[in-house]
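Each remark here refers to the structure printed beneath this line.
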Number of protein chains: 2
Amino acid sequence: MNKRSGSESKKRILSAAVKVFSQYGYRGASMRLIAKTAAVSVGAVYLYFRNKEELYYTLIKNKLDDLDARTGEILRDMEDPEETMKNFIAMRLEHARRHREHILIQVKENGFTFGIKMKKDFFRHQREVVEKIIRKGIASGKFRKCDAEEVSKIIICTLRGFILSVVVEPDALFSPEECGSLILKGLLK
Amino acid sequence: MNKRSGSESKKRILSAAVKVFSQYGYRGASMRLIAKTAAVSVGAVYLYFRNKEELYYTLIKNKLDDLDARTGEILRDMEDPEETMKNFIAMRLEHARRHREHILIQVKENGFTFGIKMKKDFFRHQREVVEKIIRKGIASGKFRKCDAEEVSKIIICTLRGFILSVVVEPDALFSPEECGSLILKGLLK
DNA sequence: TCTGATCCTGAACGTTTGTTCATGTGAACC
DNA sequence: GGTTCACATGAACAAACGTTCAGGATCAGA
């Protein structure tokens, strides 16, 4: 029967869910396959998550919270806006590379920003972060003057393309430096 | 019983399938709902398509062929590489705006490039087109010297972000000019 | 050794799925 | 009127789905 601690089983299930959701999408992923991947019975999954939806939400929330925390760190000690922007882009790309499956889940299910409020809030916050960096850059005279809100939108959507490519074609090598410099070239004085 | 010509029914089904697939994804879309949306019985769908998969493939193939044709037109009368690049980007963005549902289907099901060979071929061809424009630009002295293959990859992935954003956030206005100029700024001498 | 708490199982239930097929309908020809 | 043909229907089937639940297993403390 393979007795384990509750928290360990929960972790196993979450980890299996990431794999299965990222491969088959929300609808395509079956609770049976998730359970099998976690080496656990179907019933056990329902011991830790009320239903499929809660399992999915928990997954997404965990990862977005993590990403939020990292963004906060980078923003906290912002000295040079150029450096901050580079760090931000590099962080997002590194994160995408490390958590391909998570990005895939989001893309497959909701086209990146559609769907639940939690996600929308996250993406809005990310855009505001970029906008803040730009404003700081303009104020300090390092960035050329521009419509910070408009440019932040464009940068976020460019970044989105980079991230999608990193996830979808892991072979096509994308250095964070290259991507960062492409974005900055139009931004620096 | 609502007797119609065969080709008209087929069109109705295809059109309904685009709607349903784009909203629910491949797995989430049921043949019953597609039939209902097309105001046709389930059996009728199987009169024109062997199964769900063939219906999906037909859909994707139609749209990609159309996009291929437009790309060909733009490339055919390439005089000024800068103008060609602008046209290409504008065309892709316009197409995305007009065929949101088609892009959504692709994104939801396969993360944009994953999946069937047909799609991979399409994206490779698109990248080669961009590369060709860049080479022409470099040769004519209008573009700065760069690794055409590498840069074409970056442009395609940037474009991908633009397109995704156009589809996913139709409100966030993206002018083709802005996107084009962002890309060209780093490319022009 | 007994007891309660915790962890786990997989058969079972009701839905929904993709797909098939016997049957029906309307128009066009003889 | 009879026959043929393309077009259309929706009940029926097996399979897979999310979810439940009666029961079994394994531990810590008494």
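All chains are named by letter (A, B, ...) in the order of the sequence lines, taking the proteins before the strands, and each is independently numbered beginning at 1.
- In this structure, B:E8 atom CD and D:dA6 atom P are separated by 19 Å, rounded to whole Å.
- Under the 6.0 Å distance and 45° angle rule, B:K10 counts as a cation-pi partner of B:F49.
- B:F49 comes within 4.0 angstrom of nothing in the nucleic acid, heavy atoms only.
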Determine whether B:K52 and B:V45 satisfy the following criterion, side chain to side chain contact (heavy atoms under 4.5 Å, CB included), listing intermediate values before the conclusion. CA-CA 9 Å; B:K52 191 178 179 183; B:V45 179; over 6 Å; no
Could you walk me through whether A:E54 and A:N51 pass the side chain to side chain contact (heavy atoms under 4.5 Å, CB included) check? CA-CA 5 Å; A:E54 190 185 285; A:N51 49 34; 3.6 Å; yes
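- In this model, the phosphate group of D:dA8 is approached by a side-chain N or O of B:S9 to a distance below 4.0 Å at OP1 or OP2.
- Rounded to whole Å, the distance from CG on A:L47 to P on D:dT19 is 15 Å.
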Reading nucleotides 11-18 of chain D 5' to 3', which nucleotides get B (base under 4.0 Å from a protein heavy atom), which S (sugar-phosphate only), which -? -B----BB
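- Residues passing the ring-ring contact (aromatic ring centres under 6.0 Å, His included) test with B:H99, sequence neighbours excluded: B:H95.
- At the phosphate of C:dC8, OP1 or OP2 sits under 4.0 Å from a side-chain N or O atom of A:Y48.
- What separates CD of B:E54 from P of C:dG18 is a distance of 15 Å, to the nearest Å.
- Atom CD1 of B:I34 is separated from atom C1' of C:dT16 by 15 Å (rounded to the nearest Å).
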Could you go through residues 24-37 of chain A and list every donor-acceptor pair under 3.5 Å that involves a side-chain atom there, pairing it with any protein atom two or more places apart or in another chain?
residue: A:Y26; atom: OH; partner: A:E53; partner atom: N; Å: 3.4
residue: A:S30; atom: OG; partner: A:L33; partner atom: N; Å: 3.0
residue: A:T37; atom: OG1; partner: A:L33; partner atom: O; Å: 2.7

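- The distance from the NZ atom of B:K132 to the OG atom of B:S152 is 12.5 Å, given to the nearest 0.5 Å.
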